[in-house]
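Keep in mind that the numbers below use all heavy atoms, side chains included, and drop hydrogens, waters and symmetry copies.
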Amino acid sequence: MLGTLALLALLVFLLILAAPYIRKAVSKGVCTSTVQLPGKVAIVTGANTGIGKETAKDLAQRGARVYIACRDLQKGELAANEIRAKTGNQQVMVRKLDLSDTNSIRAFAEAFLAEEKQLHILINNAGVMMCPYSKTADGFEMHMGVNHLGHFLLTYLLLGRLKESAPSRVVNVSSLAFHLGRIHFYNLHGEKYYNRSLAYCHSKLANVLFTQELARRLKGTGVTTYSVHPGTVHSELTRHSTFMKLIWKLFSSFIKTPQEGAQTSLYCALTEGLEPLSGKHFSECSPAWISSRGRNMTTARRLWDVSCDLLGIQQDW
């Protein structure tokens, strides 16, 4: 027994010593782009905290006019004030966007289009993770409704402005968890059975498939799109899972900061010459392997059609 405890103590000690090197290994992707963005307009969903906030801050630092699109306006204003103070860029706006309600999404898009004549960068960053079973205002399972369908509708409503502003980019924040996902069309809203961990994975697979089909449909328009895995990051995504919060705390030395987690999103939004890789998936600021389920274009097209039907929008966009 004493020998086992001594061994465990040694392992913990070695992990503590190795922590800086492990962090360096898992955070190797850094956006080195020096592109400046004066006169450019960007939207970052869920930018009141975490990866989204760091992404918005970097874009603001480069001179972009940045819209923080989030559900909690109070938190959004706090984030915007911090970004304005740190960057000196006063063109950081906060607008209400609840991705679990299509009326809110449409209201946001309508107001934005009336306010802005250009849109160069759309970063679909917001998301929910491991929620207890619940539905959106429109009756969609929460993960699929927010993480996929909400951003699908938002992109659709803003696509005309993105095309008019081309070259422009759409970045969809997914997750490595998409490899465990399935698109169960017969149970898209979890009414037959539900597992909140897998529901998150399914929605992240939907992000990857949406990105590829969107890239195919946008070919030649000057609008390109990319999905990204930000890495394992300290964020509020774990708020619905006590177990995940414990794991995050125990392994905090090995988990990315939000700033580190924002790097691949920034890389895909800013890096020059990335247009030929539209539709690809990225991790650590490099193209990443996609499993066969993530490359199934038959599923991607069917998901597109089903998403359009659920949202009541034209299927030929």
Side-chain angles (χ1 to χ4, degrees), residues 22-33 42-59 61 66 68-70 79 83 99 121-130 143 146-148 150-151 155 169-181 197 200-212 225-241 244-245 247-248 251-271 274 277 279-291 294:
I22 296 174
R23 278 186 55 80
K24 186 176 180 180
V26 300
S27 305
K28 61 184 179 182
V30 177
C31 176
T32 58
S33 172
I43 294 173
V44 185
T45 69
N48 59 305
T49 187
I51 297 172
K53 179 181 171 183
E54 292 299 326
T55 303
K57 182 165 67 177
D58 189 284
L59 297 175
Q61 185 71 56
V66 181
I68 292 176
C70 61
I83 292 170
L99 288 162
I121 299 171
L122 170 61
I123 299 185
N124 291 321
N125 164 83
V128 294
M129 177 181 175
M130 296 181 69
H143 292 90
V146 170
N147 297 350
H148 169 60
H151 283 127
T155 305
R169 296 186 181 182
V170 178
V171 178
N172 297 315
V173 178
S174 180
S175 166
L176 187 67
F178 87 83
H179 289 295
L180 298 176
S197 297
Y200 174 73
C201 300
H202 302 333
S203 70
K204 295 291 101 179
L205 174 58
N207 293 153
V208 172
L209 294 171
F210 168 51
T211 300
Q212 291 179 72
T225 182
Y226 314 88
S227 62
V228 306
H229 166 55
T232 304
V233 182
H234 274 294
S235 73
E236 294 184 3
L237 267 182
T238 59
R239 62 187 177 273
H240 294 295
S241 172
M244 289 302 295
K245 284 190 285 189
I247 293 297
W248 254 235
F251 292 94
S252 59
S253 297
F254 314 112
I255 294 174
K256 289 183 178 183
T257 64
Q259 183 181 26
E260 291 167 338
Q263 295 305 302
T264 303
S265 293
L266 291 166
Y267 177 87
C268 290
L270 301 170
T271 302
L274 210 61
L277 297 181
K280 300 297 184 183
H281 184 64
F282 286 77
S283 177
E284 300 299 339
C285 299
S286 298
W289 177 75
I290 299 180
S291 60

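- Taking all atoms of both residues into account, the shortest heavy-atom contact from Gly294 to Leu205 is CA-CD1, 3.7 Å.
- Here the shortest heavy-atom pairing between Gly29 and Cys285 reads C-SG, 3.6 Å.
- Checked by atom type, the side-chain pair Ser227/His281 shows a donor-acceptor distance below 3.5 Å.
- Distance CG/Asp58 to SG/Cys31: 6.5 Å, rounded to 0.5 Å.
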Determine, stepwise, if the pair Asn147 / Tyr200 fulfils side chain to side chain contact (heavy atoms under 4.5 Å, CB included).
-> CA-CA 8 Å; Asn147 297 350; Tyr200 174 73; 4.0 Å; yes
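- Considering SG of Cys70 and CG of Asn125, their distance stands at 11.0 Å, rounded to 0.5 Å.
- To the nearest 0.5 Å, atoms CG (Asn172) and CD (Gln212) are separated by 11.0 Å.
- Phe282 places a side-chain heavy atom less than 4.5 Å from the side chain of Leu277.
- Thr55 approaches Ala262 most closely through the heavy-atom pair OG1-CB, 3.4 Å.
- How far CD1 of Ile123 is from CD1 of Ile51: 11.0 Å, rounded to the nearest 0.5 Å.
- Nearest heavy-atom pair across Tyr226 and Arg169 is CE1-CD, 3.8 Å.
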Candidate pair Phe178 and Ile290, rule side chain to side chain contact (heavy atoms under 4.5 Å, CB included), full reasoning = CA-CA 9 Å; Phe178 87 83; Ile290 299 180; 3.9 Å; yes
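- From His229, atom NE2 reaches atom OG of Ser174 across 9.0 Å, with rounding to the nearest 0.5 Å.
- Taking 4.5 Å as the limit, every side-chain heavy atom of Lys53 sits out of range of all side-chain heavy atoms of Asn48.
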List the steps and the verdict of side chain to side chain contact (heavy atoms under 4.5 Å, CB included) for Val44 and Ile68.
-> CA-CA 6 Å; Val44 185; Ile68 292 176; over 6 Å; no
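- To the nearest 0.5 Å, atom CG of residue Leu59 and atom CD1 of residue Ile43 are 11.5 Å apart.
- Among Thr211, Leu122, Asn124, the single residue meeting the side chain to side chain contact (heavy atoms under 4.5 Å, CB included) criterion with Thr225 is Thr211.
- Across all their heavy atoms, Leu274 and Cys268 have their closest contact at CD2-CA, 3.7 Å.
- Shortest non-hydrogen contact noted between His143 and Met130 is NE2-N, 2.8 Å.
- Using a 30° and 60° split on the angle between ring planes, His179 and Trp289 fall in the parallel class, below 30°.
- The existence of a salt bridge linking Lys256 and Glu54 is excluded, since no basic side-chain nitrogen approaches an acidic carboxylate oxygen closer than 4.0 Å.
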